[in-house]
Number of protein chains: 2
Amino acid sequence: MLSKKAQYAFRALSHLVDKFDQGPVLISEISKKKKIPLKFLENILLEMRKAGFLESKKGKGGGYYLAKNPSKIPVAAIIRVVDGPIAMLPCVSLYFYERCKNCDEKHCGLHDIMAGVRDATLHILENKNLQDLVRNSSKNNIFGK
Amino acid sequence: MLSKKAQYAFRALSHLVDKFDQGPVLISEISKKKKIPLKFLENILLEMRKAGFLESKKGKGGGYYLAKNPSKIPVAAIIRVVDGPIAMLPCVSLYFYERCKNCDEKHCGLHDIMAGVRDATLHILENKNLQDLVRNSSKNNIFGK
DNA sequence: AGACTAACCTACCAAATACGTAGACTTTAC
DNA sequence: GTAAAGTCTACGTATTTGGTAGGTTAGTCT
């Protein structure tokens with residue numbers, strides 16, 4: 001399961017996608033619009049900035065904005081920064097790998113199964129991006145207002 | 001990530017698969033062979049028995065054994081009993097569904113993405129079973145001893 | 001019947017993690 | 001220089017995780 005932190009992160013990001021190329025957005029605006037606890041949101045945005053997905057400006061007229069085009073930021077990358085591993089076992093994780101004690105990876109059935117799950121999951125999460133977060137919203141629908 | 005409890009569960013189950021149709025297996029034997037803390041293992045096995053995957057016998061000659069053929073028990077079912085939801089969001093979980101506040105599921109990009117991940121994951125986990133846990137082990141390899 | 005064996009049950013506990021808050025500090029615009 | 005905004009350090013509380021302790025109940029064997 002994604003943590004609440006990760007869910008907040010995606011909600012916040014979807015707002016930044018909406019406002020992409022319209023200048024910095026206040027933390028407080030995101031917090032209000034998306035109903036995310038302000039101080040918690042601060043931490044989350046900061047973390048994503050340090051990871052290079054967001055940029056910020058201080059002082060009046062400041063705020064947060066996406067560091068690059070939303071279609072260039074895969075969902076998988078955000079999850080890794082905010083929540084850590086995507087795989088179901090450390091021994092099949094690509095970015096957070098840890099060797100299994102008590103299990104020879106060459107002959108471990110569970111390892112094989114979970115490697116398959118990882119591949120299937122990443123096939124989706126690496127190819128979906130932040131732009132996809134707001135697809136299907138009325139705003140992006142040609143029939144919508 | 002699967003919890004340690006779930007990983008222990010699968011290790012224990014793989015031993016019970018090995019001994020399938022050879023009568024009850026002592027908790028203490030599983031604990032020793034698979035290096036799982038005894039009392040913790042007790043809880044795990046009990047939970048799986050209550051869920052119907054295992055049966056037990058008390059007294060001398062007692063122990064735990066699989067309630068049915070290992071090929072009939074999907075990996076997904078075990079995870080749900082031991083760890084709970086498999087999906088990455090409550091709002092896309094089949095067995096632990098919870099409505100999303102602050103997100104209209106009909107127009108939520110994240111929802112759609114995670115529903116896709118769920119489908120891909122379950123496609124594997126519902127079709128892999130306990131027998132697959134021990135496939136590829138030398139015991140089941142025609143070239144093995 | 002009595003001794004033994006092994007699962008079952010209730011309760012507890014420590015450490016880690018998740019979730020969130022407080023308040024002072026720094027940088028920037030005007 | 002002052003107000004606006006993000007940044008930093010620290011803390012706090014609740015829940016989950018990963019166990020442990022010890023007694024109880026139900027079968028088995030002699």
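So you know, we letter chains A, B, ... as the sequences are listed, proteins then strands, and number each from 1.
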Contact list (N/O, under 3.5 angstrom) for nucleotides 20-22 of chain D vs protein:
residue	atom	partner	partner atom	Å
D/dG22	O6	B/Lys39	NZ	2.4

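- As rounded to whole Å, 13 Å separates atom C1' of D/dA5 from atom CG of A/Leu46.
- A distance-only check finds a donor-acceptor pair linking the side chain of A/Thr121 to the backbone of A/Val117 [under 3.5 Å].
- The side-chain heavy atoms of A/Leu2 and A/Phe10, taken from C-beta on, include a pair separated by under 4.5 Å.
- In this entry the distance linking NZ of A/Lys5 with P of C/dT21 reads 15 Å, nearest Å.
- Taking atom CD of A/Glu47 as the reference point, atom P of D/dC8 lies 12 Å away to the nearest angstrom.
- What separates NZ of B/Lys4 from P of C/dA14 is a distance of 20 Å, to the nearest Å.
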Practice problem: Please test B/Tyr65 against B/Phe20 for ring-ring contact (aromatic ring centres under 6.0 Å, His included), starting from the C-alpha separation and ending with a verdict. | Solution: CA-CA 7 Å; B/Tyr65 51 99; B/Phe20 182 56; 9.2 Å; no

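- Using a 4.0 Å cut-off, some side-chain N or O of A/Ser56 falls inside it from OP1 or OP2 of D/dT7.
- One N or O on the side chain of B/Ser31 and one on the backbone of B/Ile36 form a donor-acceptor pair closer than 3.5 Å.
- The distance from atom CD of A/Gln7 to atom C1' of C/dA18 is 12 Å, rounded to the nearest whole Å.
- Of the possible polar contacts, one joining the A/Asn127 side chain to the A/His123 backbone as a donor-acceptor pair under 3.5 Å is found.
- Between B/Glu42 and B/Lys39 there is a salt bridge, since at least one side-chain N of the basic residue sits less than 4.0 Å from a carboxylate O of the acidic one.
- Of all the heavy atoms in A/Arg80 and A/Phe96, the pair that sits closest is O-CZ, 3.8 Å.
- Looking only at atom types and distance, the side chain of A/Asn129 has no donor-acceptor partner in the side chain of A/Ser71 under 3.5 Å away.
- B/Lys50 has no side-chain polar atom (N or O) that falls below the 4.0 Å cut-off from OP1 or OP2 of C/dA7.
- Atom pair A/Met1:CE and C/dA18:P shows a separation of 14 Å (rounding to whole Å applied).
- To the nearest 0.5 Å, atoms CG (A/Leu16) and CD1 (A/Ile30) are separated by 4.0 Å.
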Could you list the protein-to-nucleotides 24-28 of chain D atom pairs, N/O on both sides, closer than 3.5 Å?
residue	atom	partner	partner atom	Å
D/dA26	O4'	B/Lys58	NZ	3.1
D/dT28	OP1	B/Lys57	NZ	3.3

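- Following rounding to the nearest Å, A/Leu45 (CG) and D/dT7 (P) show an atom-to-atom distance of 9 Å.
- For the atom pair A/Met88 CE and A/Arg118 CZ, the distance stands at 13.5 Å (nearest 0.5 Å).
- Residues of residues 19-32 of chain A that place a heavy atom closer than 4.0 Å to DNA chain D, in numerical order, are A/Val25, A/Leu26, A/Ile27.
- Taken to the nearest 0.5 Å, the NZ atom of A/Lys32 stands 10.0 Å off from the CG atom of A/Leu38.
- Dashed line: the shortest gap from a side-chain N or O of B/Tyr8 to OP1 or OP2 of D/dG18 is not under 4.0 Å.
- In this structure, B/Leu41 places its CG atom 15 Å from P of C/dA6, rounding to the nearest Å.
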